[in-house]
Enquirer: 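Encoded as structure tokens, here's the structure I'll be asking about.
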Amino acid sequence: MRSLDGSGEHGAVKRHGRGRTTTYAVGAMALLTAVSGCGSGGGTGGPPAAAVSTPADRGAAASSAAPQQPVTPPPAPAPVPAAGDPAAWARWNLKPLPPAPPAPADKPVKLRRSGPVPVFSEVRTTDKVVFVTIDDGAEKDPRFVEMLTDLKVPVSMFLTRDVVKDDYGYFKRLQALGNHVHNHTAGHAQLSKVTPERQRSEICDAQTAFTQQYGTAPLLFRPPYGDGAHTAALNDAVQQCGPRAVVLWRESMQIHDMQYQAADKKLRPGDIVLAHFRGPKDLKGETMTQMFGEMLARIQEQGFAVARLEDYIESPAA
């Protein structure tokens, strides 16, 4: 798969200012262009910074759309210990992260059952936490399951069906740790370059497969490269297929460090961090666990905890 700048799957992209105010686009203003990497493995940019924003509702779904999957409340997350086990962290040559605070009773992100879906790259919170999301699913390293079992760091998985279908079971092991599976399309298409029908197929086919395999309809969607996230056509397709929000990111993990959208290269409370299921072939000889450990070290150096993204989201009422 190619990046937007032709430099590989995850090339350079545009930077944008940081927004944290919930807004809803109306009419022509909804037709925004968002060109960003699925994760810039060596690029110099990031995805579009996005506060929660949606296009206006344009009525009923097209009759040709795939049947909408029911939105099922996500399973109760596995408990996160009040403090990390120093011995477990030492086994991975890491310093423990600060403990995450309790999940907020009043969720800062509130999703609706129908209508336009919000687009966001951070969560409004004063908690000193960030949220780790992992895309695609190409690398299926059993040691990574051991690492998350030991460290109990929550992650949100945005999977691509055609990349994971040879081993759905690997991600069931990660799901059993309390981590949630979300939708990252069927074939990782650059969605702004395909027809509305193909957009719906990419999203709906993955939604159906993951609902069948993992027992819960994915609540969230992430477009490959962040491409088309703010367009009216993509928002319509997401609505028709079932996810109730589009999730972007503020930082993307490379091999040893993160790319930041903020000019001061610092994390902010509520930032969403992007990583990928990658192995030595894509990480210049580094393993998935080494890359993930480097990311945790960067987070620990800035004094942040890792919280579960879904704990800060209120699912649509049944």
Enquirer: Between H188 and D162, does any side-chain donor sit less than 3.5 Å from a side-chain acceptor?
Expert: no

Enquirer: Less than 6.0 angstrom separating the ring centers of F292 and F144, yes or no?
Expert: yes

Enquirer: Which pair of heavy atoms, one from R250 and one from A262, lies closest together, and at what distance?
Expert: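 Minimum heavy-atom contact is NH2-N, 4.2 Å.
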
Enquirer: Considering non-hydrogen atoms only, spot the tightest contact between A206 and A186 and give its length.
Expert: CB-N, 3.7 Å

Enquirer: Under a plain distance cut-off of 3.5 Å, with no hydrogens placed, do N235 and Q239 share a side-chain donor-acceptor pair?
Expert: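 Yes, N235 and Q239 have a side-chain donor paired with an acceptor closer than 3.5 Å.
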
Enquirer: Check whether any side-chain N or O of E202 sits under 3.5 Å from a backbone N or O of G187 as a donor-acceptor pair, and report yes or no.
Expert: yes

Enquirer: Check each of E310, R222, H182 against S156 using the side chain to side chain donor-acceptor pair (under 3.5 Å) test, and report the only one that passes.
Expert: E310

Enquirer: Can you name the closest pair of heavy atoms from Y214 and Y168 and give their distance?
Expert: OH-O, 3.0 Å

Enquirer: Kindly confirm or rule out a cation-pi arrangement of K107 over Y312, judged by NZ or CZ under 6.0 Å from the six-membered ring centre and within 45° of its axis?
Expert: no

Enquirer: Could you pull out the closest heavy-atom pair between P223 and L191, with the gap in Å?
Expert: CB-CD1, 4.1 Å

Enquirer: Ignoring hydrogens and angles, tell me if any N or O in the side chain of R244 forms a donor-acceptor pair with the backbone of G242 under 3.5 Å.
Expert: no

Enquirer: For A275 versus M253, what's the shortest heavy-atom pair and its separation?
Expert: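 So the two residues come closest at CB-CB, 4.2 Å.
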
Enquirer: Any sub-3.5 Å donor-acceptor pair from T231's side-chain atoms to G228's backbone N or O?
Expert: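 A pair under 3.5 Å: yes.
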
Enquirer: Between the side chain of S201 and the main-chain N/O of E197, is any donor-acceptor distance below 3.5 Å?
Expert: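 No, because the side chain of S201 does not come within donor-acceptor range (under 3.5 Å) of the backbone of E197.
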
Enquirer: So does Q290 get a backbone contact from the side chain of T287, meaning a donor-acceptor N/O pair under 3.5 Å?
Expert: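 Checking the backbone N and O of Q290 against the side chain of T287, a donor-acceptor pair under 3.5 Å is found.
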
Enquirer: Keeping the roles fixed (side chain from R298, backbone from E294), state whether a donor-acceptor pair exists under 3.5 Å.
Expert: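 Here the side-chain-to-backbone pair exists.
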
Enquirer: Hey, is D166 close enough to K140 for a salt bridge, meaning N to O under 4.0 Å?
Expert: yes

